[in-house]
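This one's a predicted model, so the numbers in the text were calculated from it and none came from an experiment. Both ligands and their constituent atoms are indexed starting at 1 by order of listing.
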Amino acid sequence: MIYDNHNRPITYLRLAVTDRCNLRCFYCMPEEGIKYLPKHQVLTYEEMERVVRVLARLGVQKVRITGGEPFVRAGLMDFLHRLAAIDGLNDISLTTNGVLTAPHITDLAALGVRSVNLSLDTLDRERFRQITRRDELPAVLKTLDGLLSAGIQTKINAVVMDGQNTQDLVPLSDLTRTLPVDVRFIEEMPFNGEGSHYPVLNWTHQRIIDEIRAHFPDLQKLPDPPFSTSANYQIPGHQGTIGVIAAFSRTFCGTCNRIRLTAQGTLKTCLYDNGVLDIRALLRRGASDEELTAAFLQAFAHRPLNGFEAEQQRSVQSGAPVSESMATIGG
Ligand code: SAM
């Protein structure tokens with residue numbers, strides 16, 4: 001097991017297999033004018049597999065595939081099969097918007113994919129269309145149904161947006177009444193391809209939970225699993241759970257065990273950093289596994305204490321605040 005300079009184990013990789021997406025969620029990317037990476041700048045599956053092997057030898061046990069939308073990249077299922085054969089990895093999970101996912105669910109279950117995070121910000125078709133700029137709610141609900149029928153642990157991730165979907169807090173929470181899903185509400189972050197954000201975040205994790213409690217006064221706090229980013233709750237008698245992720249308030253950095261690899265092969269040791277290592281350059285100039293390992297260890301030895309420190313270092317280094325689309329990072 002590898003520990004960082006703040007004594008946090010590094011065991012979890014979030015791997016963005018593409019920066020492309022088939023939705024245009026307004027809080028993630030602009031409607032038009034997106035500059036996707038040219039194909040040769042995106043890591044090949046072979047390159048990604050090699051990086052995961054090296055990281056697995058260093059103690060990474062869990063990989064979450066993300067994007068962009070992972071299912072828009074051709075060959076994803078073959079890649080997952082190759083990952084499943086890597087020694088030391090014991091958890092392969094996925095984050096998806098659910099639009100193209102349903103036909104792959106049986107294969108995902110057969111592969112042993114343990115959990116899928118499904119992004120779903122509203123149950124209202126018109127609001128879904130406004131938020132994502134696509135009319136795909138029925139396809140997403142079909143995926144939700146398919147995942148639950150296949151017995152795959154499913155977390156619904158909903159970004160809470162001031163003036164957009166706060167009326168969905170209660171209906172989404174109420175899904176837990178009859179479905180064994182974990183519905184998690186995420187504070188909105190400025191990763192929207194434009195960098196704009198509210199002067200003050202109106203819907204903080206505290207306000208989100210207060211609003212849910214106002215409708216479900218029996219809401220009970222659950223113990224949070226180790227390394228959890230969400231504070232978890234349950235309404236007595238409900239099958240599923242409710243979580244709140246303080247992604248902008250950054251309350252969970254002290255136990256952060258995760259690193260990220262973007263589609264172009266940039267290592268991030270914090271969501272808010274500017275990228276700390278160009279893995280693609282190392283791979284393409286023929287670095288050995290030993291050199292890759294040494295570069296990872298060096299990066300892990302210099303992790304920022306928290307997302308505030310990372311953001312501050314980033315503005316000193318580049319003069320630029322957080323502004324890129326989350327589709328380039330993977331969430
Ligand atoms: N396409 C996949 C999906 O929709 O789950 C994976 C990539 S997406 C970038 C991963 C997660 O990031 C989604 O749950 C999405 O809602 C979240 N996300 C994107 N932009 C965000 C923002 N500005 N603030 C908070 N979460 C954001």
Task: atom 21 (C) of ligand 1 [closest protein heavy-atom partner, distance rounded to 0.1 Å] - done: Y27 CD1, 3.5 Å
Open item on the list: To check your reading of the model: name the closest protein heavy atom to atom 25 (C) of ligand 1, its residue, and the distance in Å.
Closed with: M189 CE, 3.5 Å
For [X], state whether at least one heavy atom is located under 4.0 Å from any atom of ligand 1.
X	result
E187	yes
N192	no
A247	no
G68	yes

Say whether [X], considering both its backbone and side-chain N or O atoms, lies within less than 3.5 Å of an N or O atom on ligand 1.
X	answer
E69	yes
S119	yes
G330	no

Task: D87 atom CG, neighbour heavy-atom count above 12 within 6.0 Å - done: no
Task: Nearest heavy-atom neighbours spanning L13 and L55 - done: CD2-CD1, 3.9 Å
Open item on the list: Restricting to non-hydrogen atoms, name the atom on P30 and the atom on G193 that form the minimum distance, rounded to 0.1 Å.
Closed with: CD-CA, 4.3 Å
TODO: Check whether V116 and Y12 end up in the same hydrophobic cluster, where Ile, Leu, Val, Met, Phe, Trp and Tyr are linked by side-chain heavy atoms less than 4.5 Å apart.
DONE: no
- [ ] Is it possible for you to say whether V17 and V113 belong to one hydrophobic cluster, with membership spreading through side-chain heavy-atom contacts below 4.5 Å?
- [x] yes
Under 4.0 Å from a heavy atom of [X]: which atoms of ligand 1 are those, numbered in the order shown and with their elements?
X	value
C28	19 (C), 20 (N)
G67	6 (C), 7 (C), 9 (C)
E188	24 (N)
F191	20 (N), 23 (N)
V159	16 (O), 25 (C), 26 (N), 27 (C)
N97	2 (C), 3 (C), 4 (O), 5 (O)

Task: T66, portion touching ligand 1 at heavy-atom distance under 4.0 Å - done: side chain
Open item on the list: Please work out, at 4.0 Å between heavy atoms, whether the side chain, the backbone, both, or neither of T96 comes within that distance of ligand 1.
Closed with: backbone
Open item on the list: Between Q130 and F26, is there a side-chain heavy-atom distance shorter than 4.5 Å?
Closed with: no
Open item on the list: Between R280 and Q264, is there a side-chain heavy-atom distance shorter than 4.5 Å?
Closed with: yes
Open item on the list: Applying the side-chain contact (heavy atoms from CB on, under 4.5 Å) criterion to S93, which one of K155, Q153, R14, K62 satisfies it?
Closed with: K62
Open item on the list: Here's a test for you: under side-chain contact (heavy atoms from CB on, under 4.5 Å), which of V72, N97, I34 qualifies with C21?
Closed with: N97
TODO: Answer yes or no: is there an ion pair linking E211 with R207, defined by an N-O contact shorter than 4.0 Å?
DONE: no
- [ ] Could you please spell out the steps behind the ring-ring contact (aromatic ring centres under 6.0 Å, His included) verdict for Y272 and F191?
- [x] CA-CA 9 Å; Y272 285 85; F191 294 98; 5.3 Å; yes
